[in-house]
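Lettering follows sequence order; numbering is per chain, from 1.
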Number of protein chains: 2
Amino acid sequence: MSALSIGDLARRTGVPVETIRYYERMGLLPKPPRTEGNYRAYEATHERRLAFVKRSRDLGFGLDAIRALLDLANGADRPCGEVDALARDQLAEVERKIADLTAMRAELQDMLGHCRNDTVADCEIIGRLRGK
Amino acid sequence: MSALSIGDLARRTGVPVETIRYYERMGLLPKPPRTEGNYRAYEATHERRLAFVKRSRDLGFGLDAIRALLDLANGADRPCGEVDALARDQLAEVERKIADLTAMRAELQDMLGHCRNDTVADCEIIGRLRGK
DNA sequence: GCTTGACCCTGTAGCGGCTACAGGGTGCAG
DNA sequence: CTGCACCCTGTAGCCGCTACAGGGTCAAGC
């Protein structure tokens, strides 16, 4: 029915216009038909696909992984082991990052906890950055 | 005493050669004197400064913040309020990232927990990516 | 019918923080 | 004196956008 302009699609999905065009260039979204005036004219299928991409991005999947997920999502009767593997990889990656950041947080909190609001010369934070 | 080559410095600090040169270009490390053969010749001061940069990077500080920290670290009698503020900003940033990643982890774990190793058509993971 | 202003188009360059060449020079051991 | 490890500069690529510049389109209001 209703053809959506790229701006409409951006408003509906929360994905910026520039990013939508970027996803198209990267092959995540099909090239949509154009109006007479050469405007992109999207349909509901495009909106669903973009929403899929957005949700995947929100979970931290990279664009390569998303391309793979999109391909897998279109082969309905194949087993979902590959999907599972991609999700598991992504979970592992997220957990690794959380571990790194948690260590950073602990160190930063500890530094700040020891700060006596002194001069730089006896600053605990600077002292630790200089070499524990 | 001993002048270090860039490779020596890399081995001692764990910072790759290319990254050391990059830090120099970015103004985080002073341009070291050169040997006759135009090799960089580092001293202990350079090693300390690079170690400072590395520890800051390990805590997630950006290069701009590190430049500021290095400047502050050289003004020994000034109060360390600015240092404190930079560390607090960095802590806030780290906490924001942890929160984002923790939400991602929960969603990924939940998806994976519901996976029945079925076909893609009834795959919970794909289903949720399609739109909860 | 004409202007204004919001929207759209393409193409290119920039961000951060590296990393990876290419194409050369240096220095030391065998 | 030859080989090899190391060093040099300069440039391009990575990811996922984001921000232009320089133009075209379209609908509303006068």
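Backbone-only contact: B:Tyr23 has heavy atoms under 4.0 Å from sugar-phosphate atoms and none from a base. Among the heavy atoms of the strands lying under 4.0 Å from A:Arg40 are primed sugar atoms or P, OP1, OP2 only; no base atom is included. Among the heavy atoms of the strands lying under 4.0 Å from A:Arg21 is at least one base atom, whether or not backbone atoms are also near.
A:Arg96 is linked by a salt bridge (Lys or Arg N to Asp or Glu O under 4.0 Å) to A:Glu93, A:Asp100, counting only residues two or more places apart in sequence or in another chain. In this structure B:Asp89 satisfies the side-chain hydrogen bond (donor to acceptor under 3.5 Å, both in side chains) test with no other residue, sequence neighbours excluded. Residues satisfying the side-chain hydrogen bond (donor to acceptor under 3.5 Å, both in side chains) test with A:Ser5, not counting sequence neighbours, are A:Asp8. Remark: B:Arg12 pairs with B:Glu47 by the salt bridge (Lys or Arg N to Asp or Glu O under 4.0 Å) rule, at least two apart or across chains. With sequence neighbours excluded, no residue forms a salt bridge (Lys or Arg N to Asp or Glu O under 4.0 Å) with A:Lys97. Residues that satisfy the side-chain hydrogen bond (donor to acceptor under 3.5 Å, both in side chains) test with B:Gln90, not counting sequence neighbours, are absent from this structure.
Along DNA chain C, read 5' to 3', the first and last nucleotides having any atom under 4.0 Å from a heavy atom of chain B are C:dG17 to C:dG27.
The line from OG of A:Ser56 to CD1 of B:Ile126 is 8.0 Å long, rounded to the nearest 0.5 Å.
Near DNA chain C, defined here as any heavy-atom distance below 4.0 Å, the residues from residues 32-39 of chain B are B:Gly37, B:Tyr39, listed numerically. Of the residues in residues 95-104 of chain B, none has a non-hydrogen atom less than 4.0 angstrom from any atom of DNA chain D.
Look at CG on A:Asp8: it is 14 Å from C1' on D:dC26, rounded to the nearest Å. Between the CD1 atom of B:Ile20 and the C1' atom of D:dC7 there is a distance of 12 Å, given to the nearest Å.
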Identify every side-chain donor-acceptor pair in residues 20-30 of chain A under 3.5 Å, counting partners at least two apart or on other chains, and give the distances.
{"unit_1": "A:Glu24", "atom_1": "OE1", "unit_2": "A:Arg40", "atom_2": "NE", "d": "2.8"}

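At a cut-off of 3.5 Å, with distance as the only test, no side-chain donor of A:Asn38 or A:Thr35 sits close to an acceptor on the other residue.
Ion pairing between a basic and an acidic side chain is recognised when a charged N comes within 4.0 Å of a carboxylate O; B:Arg67 and B:Asp71 show no such pairing.
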Check nucleotides 13-15 of chain D against the protein and report each pair of N or O atoms closer than 3.5 Å, with its distance, or say if there are none.
none

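For the ring-ring contact (aromatic ring centres under 6.0 Å, His included) condition, the pairs that include at least one residue of residues 28-65 of chain A, sequence neighbours left out, are A:Tyr42-A:His46.
A donor-acceptor contact shorter than 3.5 Å is absent between the side chain of B:Arg105 and the backbone of A:Glu95. The backbone N or O of B:Val15 lies less than 3.5 Å from no partner atom in the side chain of B:Thr19, so there is not a single donor-acceptor pair.
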